[in-house]
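These numbers come from a predicted model, not from an experiment.
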Amino acid sequence: GIYPTGSLCWKEGEGMSFLENTRKPQGLGGKLMVSAMNLGHRALADWGFQFLPLAPDAKVLDCGCGGGANLAKLLKACPAGIVKGIDYSPVSVERAQELNRKAIQAGRCVVTQGSVQDMLFAGNWFDAVTAFETVYFWPDLPQSFREVYRVLKPGGTFLICNECSDPEKDSKWTKLVDGMTIYTDAQLKDALEQAGFRDVEIHKNGKGWLCVTAVKGGIGQ
């Protein structure tokens, strides 16, 4: 995730080192940021999930799962399914595991530390993959999208949700957070299609939030 909307307010030029925790939460500041993200991104997640119909027994992967709030939502939406999360921050993984401990103990949830660029998951396994407030920080977007494509089942859906989608309007965040890139809907659509996805759909709301869904084609498609 990026910044915890509605949770914390920043004065221009302050809190830069703390904001670095949006990219890879670490230490005490990272723990605070992860907790704030779980609260601050709730509205975005609620809005985005409406574009992702899920079967009760769906297998879902949340990339850049942060503090695990969306894993909990997915587990509730798929009561007979399996939900996995991946994040490259140990602090995020620890928090996500704490939040979803019962589901982990029941064998319905797994949270893994690692990179989206090179995932250890089997190919053609997930019915859906989600990415909330995280693609900004993926260092190799084409490779990451190819990995998401690989682990999805044919006909599976990839959902991306970002609060920021205007590189000029939202430039204050890229100045504050090193390694952050804000993509337009057209850039994401092009990258997804280059990775093999089809049926790319763009959704926006009055706040400037962006939700993109894309489908992995079946054999011969």
Side-chain angles (χ1 to χ4, degrees), residues 1 41-66 68-87 96 100 103 108-112 114-138 141-163 165 183-205 209-221:
H41 295 155
R42 189 177 294 162
L44 176 74
D46 288 344
W47 175 72
F49 274 128
Q50 70 180 301
F51 305 111
L52 184 69
L54 292 168
D57 62 347
K59 297 173 181 175
V60 188
L61 170 64
D62 186 32
C63 293
C65 63
N70 288 329
L71 296 177
K73 286 178 180 287
L74 289 165
L75 285 161
K76 190 173 181 181
C78 309
I82 294 174
V83 177
K84 298 188 179 185
I86 185 170
D87 200 290
N100 298 285
R108 290 216 305 125
C109 183
V110 177
V111 186
T112 304
S115 170
V116 180
Q117 288 179 233
D118 184 22
M119 297 188 284
L120 297 176
F121 304 121
N124 305 302
W125 200 81
F126 292 100
D127 297 292
V129 175
T130 61
F132 289 88
E133 291 286 84
T134 179
V135 298
Y136 316 114
F137 308 112
W138 295 4
L141 198 69
Q143 171 58 24
S144 297
F145 281 2
R146 286 193 293 269
E147 270 292 271
V148 171
Y149 188 91
R150 180 184 68 80
V151 302
L152 270 172
K153 290 178 182 176
T157 301
F158 181 26
L159 177 141
I160 298 169
C161 265
N162 290 343
E163 284 190 27
S165 60
Y183 299 97
T184 64
D185 53 357
Q187 287 173 319
L188 290 174
K189 183 175 188 290
D190 182 61
L192 287 164
E193 289 176 343
Q194 289 290 323
F197 287 96
R198 60 179 176 82
D199 299 338
V200 179
E201 295 185 6
I202 309 292
H203 308 275
K204 289 184 176 179
N205 70 0
W209 294 354
L210 171 66
C211 180
V212 182
T213 58
V215 176
K216 176 174 176 173
I219 297 172
Q221 292 182 306

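Side-chain atoms of Glu133 and Asn162, non-hydrogen and from C-beta on, do get closer than 4.5 Å to each other. Within the 4.5 Å cutoff, the side chain of Val111 has no heavy atoms near those of the Asp87 side chain. Between Lys73 and Phe132, every side-chain heavy-atom pair lies at or beyond the 4.5 Å cut-off. In this structure the side chain of Leu188 reaches within 4.5 angstrom of the side chain of Leu141, judged on heavy atoms. Leu192 places a side-chain heavy atom less than 4.5 Å from the side chain of Val212. When side chains are defined from C-beta on, Val116 does not count as touching Phe137, because their heavy atoms never get closer than 4.5 Å. At least one side-chain heavy atom of Phe145 sits less than 4.5 Å from a side-chain heavy atom of Ile160. Inter-residue side-chain proximity for Lys216 and Asn124 is flagged as met; some heavy-atom pair is nearer than 4.5 Å.
Across Cys63 and Val148, no two heavy atoms sit closer than the pair SG-CG2, 4.4 Å. The shortest heavy-atom contact between Cys78 and Ala58 is SG-CB, 3.9 Å.
Remark: the backbone N or O of Gln117 is paired with a side-chain donor or acceptor of Gln143 at under 3.5 angstrom. The backbone N or O of Asp190 sits nowhere less than 3.5 Å from a side-chain atom of Glu193 that would complete a donor-acceptor pair. The closest donor-acceptor contact from the side chain of Arg108 to the backbone of Val83 lies at 3.5 Å or more, if one exists at all.
The aromatic rings of Phe51 and His203 sit parallel to each other, their planes meeting at less than 30°, with 60° as the upper class boundary. By the 30° and 60° cut-offs, the orientation of the rings of Phe121 relative to Phe126 is perpendicular.
Atom-to-atom distance recorded for Asn70:CG and Thr134:OG1 is 11.0 Å, nearest 0.5 angstrom. In this structure, CG in Leu52 is found 7.5 Å from CG in Leu74, a value given to the nearest 0.5 Å. Residue Trp47 holds its CH2 atom at 9.5 Å from NZ of Lys204, rounded to the nearest 0.5 Å. Rounding to the nearest 0.5 Å gives a distance of 6.0 Å between CD1 of Ile86 and CE of Met119. How far CG of Asp127 is from NZ of Lys153: 4.0 Å, rounded to the nearest 0.5 Å.
Take Ser165 and apply the side-chain contact (heavy atoms from CB on, under 4.5 Å) test, not counting sequence neighbours, and it matches Leu210. Qualifying side chain to side chain donor-acceptor pair (under 3.5 Å) partners for Lys59, counting only residues two or more places apart in sequence or in other chains: none. Every residue two or more places apart in sequence or in another chain that forms a side chain to side chain donor-acceptor pair (under 3.5 Å) with Asp62 is listed here: Thr130.
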